[in-house]
Amino acid sequence: MSLEADRWVLLGTGGTIAGQAAQAADNVGYVAGQVGVAELVAAVPTLGGLPLELEQIAQIDSKDMGLAVWQALARRIAVHLERPQVRAVIVTHGTDTIEETAFLIHRLLRPAKPVVFTCAMRPSTALVPDGPQNLSDAMAVARHAGAGGVVVVCAGQVHAARDVAKVHTYRLDAFDSGDAGPLACVEEGRVREFRPWVRQESDPLRGANALAPFLLASELPRVELVTSHADAGGDLIRSLLVMPGERALQGIVVAGTGNGTVHQALTDALHEAQARGVRVRLSSRCARGRVVPHPGLPFEDAGGLSAIKARLALALDLLEG
Ligand code: ASP
């Protein structure tokens, strides 16, 4: 492949990185998803002159992310990754649900090429916005010879889609990869790897099998997320089981206490749900660590995923049958 043929694709979805506030000193009272992707790129001198194709997939606050935007995004990422001249895809996204979208794309496509998500904690109108630096760093990762798979780049760190979580409401370095730690950092436009970057073998068969039902779906199987806590009860679960509506409950992820323990009252209700055919998976509400599998676990283990990602994984498993 000649160097001239190489291209990068940048897909915009909105978020704070594209946000605007009435005053430059206001880092919280802004409206997300206002600035178009061309304007975001124009604010980053390091992107000037690069063969970059731009597409605006959506313009939303990522708190409102849902199936329609996910489908549009997954479809376009898949199309671009198939093109031999495209080296990588970059996605700008809000921080609130970036870990869900990145995990979804990882789970659906398992791309060998890099798919680099980036974001910002301050709107584009801030006195010192962080978006331009994050976008510049994302491009450095997208051009890095050793990069591959779905990652999230923020505040100079590169996180794997499976591990990353938003852990702070306000700080610029709002993301963390838990026990795994970040994959790499970006220093002055150079990527420094901290640990072996697990690269996927591109698996077109798996991609097609997972993507087709997702793109055709009119809705995702209904999976609810509940948390175990002191004084928990089973009423919420029992209400869900009898609730009329078009989307019957198909799955529950329970964020257990500690190493996957669940209040007895909630456990009883979850067993009733299982008896009615609802799939129940167990994660932990702890910010760090994973549920260490052992024979006494009350429900199917979520495989070390956070409760948020376990909810999505179960919905996709149910969709794929
Ligand atoms: N609510 C915003 C969003 O997720 C927050 C952000 O981007 O930082 O779109």
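These numbers come from the heavy atoms of this one structure, side chains and all, not from hydrogens, waters or symmetry mates. Positions are given from 1, in the same order as the sequence printed here. In each ligand, atom 1 is the first atom listed, and ligand 1 is the first ligand listed.
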Is there a nitrogen or oxygen of [X] sitting under 3.5 Å from a nitrogen or oxygen of ligand 1?
X      : answer
Lys166 : no
Thr97  : no
His93  : no

Q) Relative to the heavy atoms of Ala120, which atoms of ligand 1 are at a distance of less than 4.0 Å? A) 6 (C), 7 (O), 8 (O)
Q: Give the atoms of ligand 1, by number and element, whose distance to some non-hydrogen atom of Thr16 is under 4.0 Å.
A: 2 (C), 5 (C), 6 (C), 7 (O), 8 (O), 9 (O)
Lys/Arg-Asp/Glu bridge criterion (N-O < 4.0 Å) met for [X], [Y]:
X      : Y      : result
Arg290 : Asp301 : yes
Asp317 : Arg107 : yes
Lys166 : Glu99  : no
Lys63  : Asp96  : no

(Q) Any side-chain to backbone donor/acceptor pair from Asp173 onto Ala155? Under 3.5 Å, distance only. (A) no
(Q) Which residue and atom name correspond to the protein heavy atom nearest atom 8 (O) of ligand 1, and how close is it? (A) Thr95 OG1, 2.4 Å
Q) Tell me: protein heavy atom nearest atom 9 (O) of ligand 1, and distance? A) Ser62 N, 2.7 Å
Q | Interatomic spacing from CG in Asp130 to CZ in Arg171 - rounded to 0.5 Å | A | 13.0 Å
